[in-house]
Amino acid sequence: MQICNERVDKRIQDYKEEIHLIKEAIESNDKGNSEDDDSGNGKLLNDLEKNMAYMNDALKAKDFLKQIKTNVNSTDAVLGSIVKTDSMNFYLATSIGKIELENKEYFAISLSSPIGQLLKNKKQNDRFEFNQTKYVISEII
């Protein structure tokens, strides 16, 4: 959970910095541009809009992570569970990707992702198939 939070915080900070730089570039263009040529600002405004949307998504992910209970004991794969299989380990939280912790790899995924939907409410020894790969759940933490 800590790694997920750190990665989302980093994304938010990166987007904030990028937004700040874009706003400075727009202001600089406005001051130095005496002509009516707004083509440079058009691209910058488009980039600003994209980065603001990305930052909003990251802020939503941060809020979502706050809702995850890490101390829940469940025999089913639920939000906040670590699901170990015969070939991969998954952390059911938000889509962050690969996390390395104590020399083990985990894939932080969303419950709404295709593989998250397959894992939802599964139990130890349950089997599932994803992208023509078969998995057996060895442990749920």
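Side chains are part of it too, since the values below use all heavy atoms of this structure and drop only hydrogens, waters and symmetry mates.
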I need the [X] [atom1] to [Y] [atom2] distance, nearest 0.5 Å.
X: Asn51; Y: Met55; atom1: CG; atom2: CE; value: 9.0 Å
X: Arg7; Y: Ile99; atom1: CZ; atom2: CD1; value: 5.0 Å
X: Ile115; Y: Ser95; atom1: CD1; atom2: OG; value: 11.0 Å
X: Phe90; Y: Ser113; atom1: CZ; atom2: OG; value: 9.0 Å
X: Glu139; Y: Asn89; atom1: CD; atom2: CG; value: 9.0 Å
X: Asn121; Y: Thr75; atom1: CG; atom2: OG1; value: 9.5 Å

Side chains of Asp76 and Ile140: closer than 4.5 Å at any heavy-atom pair?
no
For Tyr135 and Phe128, take the angle between the two ring planes, folded into 0 to 90°, and tell me which bin it lands in: parallel under 30, tilted 30 to 60, perpendicular over 60.
parallel
Could you tell me whether [X] atom [atom1] has more than 12 heavy atoms of other residues or ligands within 6.0 Å of it?
X: Glu24; atom1: CD; value: yes
X: Lys84; atom1: NZ; value: yes
X: Glu129; atom1: CD; value: yes

Whether [X] side chain and [Y] backbone form a donor-acceptor pair below 3.5 Å:
X: Ser81; Y: Leu92; value: no
X: Gln117; Y: Leu111; value: yes
X: Glu100; Y: Glu105; value: no
X: Asn5; Y: Met1; value: yes

Which of these passes side-chain contact (heavy atoms from CB on, under 4.5 Å) with Lys23: Ile19, Leu21, Ile26?
Ile19
Which residue in the set Val83, Ile96, Ile82 passes side-chain contact (heavy atoms from CB on, under 4.5 Å) when paired with Tyr106?
Ile82
Exercise: identify the closest heavy-atom pair between Ala58 and Val8
O-CG1, 3.3 Å
All heavy atoms of Phe130 vs all of Pro114, minimum pair found to be CE1-CB, 3.8 Å
Within one Ile-Leu-Val-Met-Phe-Trp-Tyr cluster: Ile141 and Ile68, side-chain cutoff 4.5 Å:
yes
Tell me whether Tyr54 shares a hydrophobic cluster with Leu45, the cluster being built from Ile, Leu, Val, Met, Phe, Trp, Tyr side chains joined at under 4.5 Å.
yes
When you look at Tyr15 and Asp57, which way does the side chain to side chain contact (heavy atoms under 4.5 Å, CB included) test go after all the steps?
CA-CA 11 Å; Tyr15 293 133; Asp57 288 344; over 6 Å; no
